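Structure first, commentary second.
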Protein chains: 2
Amino acid sequence: MSDQKTTTHERLLQEAAALFARRGYSGTSMSDIAREVGVRKASLYNYYPSKADLLMDLLEQSLSSWSQACDQRSEGIDDTEGRLAAHLQSAVDFSRAHPQAMALIRLATAQVPGDLRRRVQSRCSDYETKWRQEMTGLFQEAVDRGEVQSSDPAILALFWSVFLDGILVNRVFATEKTDSVVSSLQSLWEFFWRGVSGTSPHTEISL
Amino acid sequence: MSDQKTTTHERLLQEAAALFARRGYSGTSMSDIAREVGVRKASLYNYYPSKADLLMDLLEQSLSSWSQACDQRSEGIDDTEGRLAAHLQSAVDFSRAHPQAMALIRLATAQVPGDLRRRVQSRCSDYETKWRQEMTGLFQEAVDRGEVQSSDPAILALFWSVFLDGILVNRVFATEKTDSVVSSLQSLWEFFWRGVSGTSPHTEISL
DNA sequence: CCTACCGATCGGTAGG
DNA sequence: CCTACCGATCGGTAGG
């Protein structure tokens, strides 16, 4: 049974993520999850005291693996253009590799019952605030160095987040056309960069 | 009781839209809706044979009022830039005026149970396909006239949809920062247009 | 990790 | 538009 080397807890996390992502929080019952894991419902409560705590743990893991993936690639890069391109590529790579984690993060901003909603939103907005500040700082430097056209760095960061959101939403929710964004990513990036800098990028986005 | 001039059916549609938008389809019960409408649950079944049919009617209404709002404003305009700007403004105006309709449309691409999901997605992808074709045609003309930099019109339309999605997702899901997109819309539009045309727009987006 | 069970609520129906 | 009710399932617990 080398098939069964995963622990029950690991399978629980994986199947719960898949179900929450596909059917939503309220649309997934603990019995559904138990069935996929291959145990009885009551057994799940040895790992989490409630369904809400299970979701919060999944969200925590998704957010941290997401931010880790996005941060690491741009570490050694100095110029703004290269860092943005690296960030874009990390984000798209991650969303392809871990669609369930992306869906979980989206869940947060969508429909969960009242109390849980507040927990989830505060966790997400912590991350969002930190990210927004980092990006604004990055664009501030870019403006100072003349790498982009002089403009309010907060608005540049806003355009950047609009662009990224548009790409990731397409990737997460799209039905059949999912891969058109991926295969045209280089062109999309060129449009974006020309919009903020007035010049064509020299960076290449490789899939 | 001039308070009560609305019919029960009208209140049903309104309250159901509000609840589905806030808590999702599975997260909203027929009892919840009945409570808001001010009748007993059984009475709702005089208007719709099932919860799923209620959702489909709401989705139908949301999609048609959305497309109507977006189409009408760009009717008298000839140049691509002006038409896109009008479309952008209509879309943002509509999402501010009818956030529930927007949320309903998003619901479609998110979590609903299996059978209903297929009905909902086919309805939405019909609309999406039609829209995509229109936009590709519009960009084809723009390329032919030299209004934008020579490029594949399908990819220009893709960038356009990424941009719009990014803005609307921000508007729909945002917690507190909702209005930063609205107040910076002119700047975002300038970035977008410079990206596709290489020149600054002469159109002004007014809030 | 299981069997057995809890009260509450689900979508929906009967019949008026 | 109501009261009264259906079987099924919900999240969660007791006790082992």
Side-chain angles (χ1 to χ4, degrees), chain A residues 1 3-59 104 107 111-120, chain B residues 1 3-59 104 107 111-120:
Chain A
M1 309 251 175
D3 210 56
Q4 286 286 52
K5 268 176 63 184
T6 56
T7 67
T8 300
H9 192 190
E10 284 166 347
R11 270 177 290 139
L12 166 54
L13 287 169
Q14 189 173 338
E15 301 301 340
L19 285 168
F20 284 149
R22 200 178 329 133
R23 304 188 200 166
Y25 179 76
S26 301
T28 302
S29 72
M30 294 299 270
S31 305
D32 292 336
I33 297 169
R35 190 182 310 115
E36 294 299 316
V37 175
V39 298
R40 302 288 172 180
K41 181 181 61 163
S43 307
L44 302 182
Y45 288 88
N46 287 306
Y47 300 95
Y48 297 97
S50 73
K51 187 184 175 187
D53 288 297
L54 168 57
L55 179 74
M56 288 306 292
D57 191 35
L58 282 169
L59 177 65
L104 240 349
L107 249 194
Q111 302 85 17
V112 279
D115 297 344
L116 181 54
R117 189 186 192 99
R118 275 182 288 279
R119 290 173 66 189
V120 144
Chain B
M1 307 250 178
D3 211 54
Q4 286 286 55
K5 267 176 63 185
T6 57
T7 68
T8 300
H9 192 190
E10 284 167 346
R11 270 177 291 138
L12 166 54
L13 287 168
Q14 189 173 338
E15 302 300 339
L19 284 168
F20 285 149
R22 202 179 328 135
R23 304 188 200 166
Y25 179 76
S26 300
T28 301
S29 72
M30 294 299 270
S31 306
D32 292 336
I33 297 169
R35 193 184 309 116
E36 295 299 317
V37 175
V39 298
R40 301 289 173 179
K41 180 181 62 162
S43 307
L44 302 181
Y45 288 89
N46 287 305
Y47 301 94
Y48 297 96
S50 73
K51 189 184 174 186
D53 287 298
L54 169 56
L55 179 74
M56 288 306 292
D57 191 35
L58 283 168
L59 177 65
L104 239 349
L107 249 195
Q111 302 83 19
V112 280
D115 297 344
L116 181 54
R117 190 187 191 98
R118 275 182 287 278
R119 290 172 66 188
V120 144

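The model shown is predicted, which means the values in this text are computed figures rather than measured ones. Chain naming here is simple, since letters A, B, ... match the order of the sequence lines and numbering starts at 1 in each.
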Would you indicate what [X] reaches in the nucleic acid, counting non-hydrogen atoms under 4.0 angstrom: base, sugar-phosphate, or nothing?
X       : answer
A/Ser43 : base
A/Ser26 : nothing
A/Tyr47 : sugar-phosphate

Grab the [atom1]-[atom2] distance between [X] and [N] for me, whole Å please.
X       : N      : atom1 : atom2 : result
B/Lys51 : D/dT9  : NZ    : P     : 15 Å
A/Asn46 : D/dG15 : CG    : P     : 16 Å
A/Leu44 : C/dT3  : CG    : C1'   : 15 Å
B/Lys41 : C/dT9  : NZ    : C1'   : 8 Å
A/Tyr45 : D/dA14 : OH    : P     : 13 Å
A/Arg40 : D/dT9  : CZ    : P     : 14 Å
B/Asp32 : C/dA8  : CG    : P     : 17 Å
A/Met30 : C/dT9  : CE    : P     : 19 Å

Task: Heavy-atom side-chain contact between B/Lys51 and B/Phe20 under 4.5 Å - done: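 Heavy-atom side-chain distance check passes, below 4.5 Å.
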- [ ] State, yes or no, whether a side-chain contact exists between B/Leu54 and B/Ile33 at a heavy-atom distance under 4.5 Å.
- [x]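 Touching, per the 4.5 Å side-chain cut-off.
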Does [X] have a side-chain nitrogen or oxygen under 4.0 Å from the phosphate oxygens OP1 or OP2 of [N]?
X       : N      : result
B/Ser50 : C/dG11 : no
A/Ser29 : D/dT9  : no
B/Thr8  : D/dC1  : yes
B/Ser31 : C/dC10 : yes

Task: Minimum heavy-atom distance B/Asp53-B/Arg119, with the two atoms named - done: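 Minimum heavy-atom separation between B/Asp53 and B/Arg119: OD1-NH2, 3.3 Å.
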Task: 5' priority, DNA chain D, between B/Gly38 and A/Tyr25 [closest heavy atom] - done: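 Final value for this comparison: B/Gly38.
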- [ ] To the nearest 0.5 Å, tell me how far A/Leu12 CG sits from A/Thr6 OG1.
- [x]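 Here the interatomic distance stands at 11.0 Å.
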- [ ] State which residues pass ring pair (Phe, Tyr, Trp, His ring centres under 6.0 Å) with B/Tyr47; sequence neighbours excluded, sorted by chain then number.
- [x]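 Only B/His9 meet the ring pair (Phe, Tyr, Trp, His ring centres under 6.0 Å) criterion with B/Tyr47.
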Open item on the list: Need the pair for D/dC1. Rule: Watson-Crick or G-U wobble, both distances under 3.5 Å, any strand; none if unpaired.
Closed with: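 Across any shown strand, D/dC1 pairs with C/dG16.
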